[in-house]
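Below, chain A is the first sequence line, B the second, and so on; all start at residue 1.
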There are 2 protein chains.
Amino acid sequence: MTPGARGNSGSADGFVAPFPTGTGDNATVTDAPGDPWGDTRARVEQAALDLFTLKGFEHVIIDDVAAAAGISRRTFFRHFATKADAVWGDFAAHVARLERLLVATDPDEPVLASVCAAYVEVNDYADAELPLLRERMQLILTEPALLAHSQLRYADVDRVVAEHVARRTGTTATALVPRLVAASTRAAATTAFQMWLADEGSSLTVQLHQTLDEMAHGFPTLSR
Amino acid sequence: MTPGARGNSGSADGFVAPFPTGTGDNATVTDAPGDPWGDTRARVEQAALDLFTLKGFEHVIIDDVAAAAGISRRTFFRHFATKADAVWGDFAAHVARLERLLVATDPDEPVLASVCAAYVEVNDYADAELPLLRERMQLILTEPALLAHSQLRYADVDRVVAEHVARRTGTTATALVPRLVAASTRAAATTAFQMWLADEGSSLTVQLHQTLDEMAHGFPTLSR
DNA sequence: GACGTTAGTGACACCCGGTGCCAGGGGCAA
DNA sequence: TTGCCCCTGGCACCGGGTGTCACTAACGTC
C-alpha cells in the first residue's frame, strides 16, 4: 500500500555505485567508512523527490533529476525503469513484508480481520520515517501521472491479498470474494492515506484502523 | 464506471467531420442519409479498438490507427487527447448519467443502497451494446497502460459519488465516509466487471448486484 | 605485474506519444 | 465574390524510454 519508507538501506533491488561520478562536490574520497561514495540510487531518489515536490512532477524533466544527482540521463534509467519509479523507494520489499504478515496470520482469525490487521501493521512506521512517507504519498495521490502509475504498483498488493484470502477460504485468487476483499481493503487504505495527508496532525495507524473498520463492518456510520 | 457503450450518437464532446478525408473506400457520397461521410471520431474509435484488441495496446502506434481510419497522426490527437482516450467512447456522458441518477434518488433510501442501485442502473446496457462494452473493458482491465490511465477517468466517478454521499449525510465530499463509499463501491464495481469478463455467459447486472451487495453488507460470505 | 572479467557509466541514435504552429481548403453567410 | 469558421495535414519540436558502443575502475588469476 505504501512505498517503503526505510532509507533504502538493504538495497533489495538497488545497486550500489562503486565509484564516484565526479560532479565536483564529493569532498574527500574517504568521507564515510565503508561506503565512500554513498548510494547512487538513494541520492537520485532524494533529488527526484525534492524536485517533484518543489516544481511538480511533470514540470521536472529527467535531465533535471540527473543533473541534481550528478549522473547522466541514461544512468537514471538504469536505476529506475520509469520516471515515476523514483518515488516509490523499495516497494517490492514492502509488498513482500505484507505477504509475510498475511502468511503468518492466525488461521482461526476471521479472514477480513486478518487482512485489515496486516494492512495496519505493514504501515506502522517509525516517527522518523513519516515525513518521507508523507512526501511520497502526497506526490502519488496528488500528481495525476503518479496516481495512474500507482495502479500498476498496487496490482502486486492486490495479488498478494487475494491469494491470502483464497488460501484461507479454499478458492482461487480469481474468485469473487478474494478479488473483492483485495480491491475493497486497498480502496479503504487509500482513503485512509488521503485523510492522513489532509490532516497534518493525525495518526496514520488510527486513520487506517478507522477506515478499514468502517468498510469491513458494512459502514455502520451510515445509520444501520 | 464504464465507458459509454452507446454508439457515440449524441457527440456530447465529440466533433463531427463535415467532409470526407478520402482514403478511397468511402463508396458513394450519398451512402447514408443525413450523415454521408460518417463520424470521423467513431471511425477512429473503431479502428483503434480493433487494432488494440488484435495486436495489443502498446504494439500499436498512432500512425497505425490513423492510417486505418484514413486520417493523419495529427488529426488523431485532435479527436483524442491521448492514445488511451480512444478506448473510452463518450465516458463523460456516462458519468453525467450516473450523476443524474444519484441526484434523483429517494432521499429516504439508505445512502449506500442508493449508490449501489445507481451503479447497477447506469451499467444496464442493451444486449446489442454488450460486445462493444466487453471489448472496451477487456482492454482497460488487461492492458497495463490502460489500467493506469483508467484511474484518471474513474476519479470523475469517485467525485460524483462522494458529492452525492456528502449531500445526503450533510458533510463535505472530502470527509471520510463520502470518500470511502466512493472508493469502495468503485472497487466493488471493478471487481464485478472482472468477474463478468472472466465468465463469458454471465450477466453484468447480476455480477454488479452480487458484488456490491457482498461488500455493502460487510462480506456475509466470510462467515459472519 | 600483465591479464581477462565484471559492472557501472556516459554518449549517441532512435522510437514513440504528445504539442505548437502554420498553411491549405471546404462550407456558409453576407 | 468575399470573408469567416472549422477541420485538416505537415512539420518541427519536446520529453520519456531503449539499444548499443566504448570507457574505466575493481577484482581475481596465472
Side-chain angles (χ1 to χ4, degrees), chain A residues 11 13-24 26 29-30 34-44 48 51-52 55-87 143-146 148-149 152, chain B residues 11 13-24 26 29-30 34-44 48 51-52 55-87 143-146 148-149 152:
Chain A
S11 77
D13 65 345
F15 345 142
V16 174
F19 50 88
T21 42
T23 35
N26 283 336
V29 180
T30 53
D35 196 3
W37 301 287
D39 191 342
T40 297
R41 183 181 162 101
R43 225 173 52 238
V44 179
L51 285 173
F52 293 165
K55 302 169 53 178
F57 182 74
E58 48 191 11
H59 294 137
V60 176
I61 66 179
I62 304 292
D63 301 73
D64 296 337
V65 179
I71 59 170
S72 76
R73 168 187 154 80
R74 189 63 185 87
T75 296
F76 174 93
F77 286 111
R78 289 210 178 83
H79 287 277
F80 303 97
T82 70
K83 186 183 178 185
D85 283 317
V87 177
E143 295 283 350
L146 289 175
H149 174 84
L152 306 179
Chain B
S11 76
D13 65 345
F15 347 141
V16 174
F19 50 87
T21 42
T23 36
N26 283 338
V29 180
T30 52
D35 196 4
W37 300 286
D39 190 344
T40 296
R41 183 182 161 99
R43 223 174 53 238
V44 179
L51 285 174
F52 293 165
K55 302 169 52 178
F57 182 74
E58 47 191 10
H59 294 137
V60 177
I61 65 180
I62 304 293
D63 301 72
D64 296 337
V65 179
I71 59 171
S72 75
R73 166 188 153 80
R74 189 63 186 87
T75 296
F76 174 93
F77 286 111
R78 289 212 175 81
H79 287 277
F80 303 98
T82 70
K83 186 182 178 185
D85 284 317
V87 176
E143 295 282 351
L146 290 174
H149 174 84
L152 306 179

Peer 1: If every non-hydrogen atom of Ala86(A) is compared with every non-hydrogen atom of Ala48(A), which pair is closest and at what distance?
Peer 2: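 Answer, listing the atom of Ala86(A) first, then Ala48(A): CB-CB, 3.8 Å.
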Peer 1: In chain order, what residues pass the side-chain contact (heavy atoms from CB on, under 4.5 Å) check against Ala68(A), with sequence neighbours excluded?
Peer 2: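 Residues passing side-chain contact (heavy atoms from CB on, under 4.5 Å) with Ala68(A): Ala47(A), Leu51(A).
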Peer 1: Could you state the CZ-C1' distance from Arg41(B) to dC6(D), rounded to the nearest angstrom?
Peer 2: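 The answer, rounded to whole Å, is 17 Å.
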Peer 1: Would you find a donor on one side and an acceptor on the other, under 3.5 Å apart, between the side chain of Arg73(B) and the backbone of Asp63(B)?
Peer 2: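 No, Arg73(B) side chain to Asp63(B) backbone: no donor-acceptor pair under 3.5 Å.
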Peer 1: Take the protein atom CG of Asp64(B) and the nucleotide atom P of dC16(C), then report the distance between them rounded to whole Å.
Peer 2: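 Interatomic distance, CG of Asp64(B) to P of dC16(C): 9 Å.
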Peer 1: How does protein contact run along nucleotides 12-17 of chain D, one letter per nucleotide 5' to 3', with B for base contact, S for sugar-phosphate only, - for none, heavy atoms under 4.0 Å?
Peer 2: ---SBB
Peer 1: Can you tell me if Asp85(B) and His149(B) form a side-chain donor-acceptor pair at under 3.5 Å?
Peer 2: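 Looking only at side-chain atoms, His149(B) and Asp85(B) do form a donor-acceptor pair, the distance falling under 3.5 Å.
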Peer 1: Mind checking what makes side-chain contact (heavy atoms from CB on, under 4.5 Å) contact with Ser72(B), not counting sequence neighbours?
Peer 2: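 So Ser72(B) forms a side-chain contact (heavy atoms from CB on, under 4.5 Å) with Arg74(B), Thr75(B).
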Peer 1: Could you state the atom-to-atom distance from CD1 of Ile71(A) to C1' of dA7(C) in whole Å?
Peer 2: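 Spelled out: CD1 on Ile71(A) to C1' on dA7(C) is 16 Å.
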Peer 1: dT9(C) phosphate, OP1 or OP2: any side-chain N/O from Thr40(A) under 4.0 angstrom?
Peer 2: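 Yes, Thr40(A) has a side-chain N/O under 4.0 Å of OP1/OP2 on dT9(C).
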Peer 1: dC6(D) P sits how many Å from His79(B) NE2, rounded?
Peer 2: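 Going from His79(B) (NE2) to dC6(D) (P), I get 15 Å.
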Peer 1: Hey, could you give me the CZ/CZ distance between Phe80(B) and Phe77(B), rounded to the nearest 0.5 Å?
Peer 2: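 It comes to 11.0 Å.
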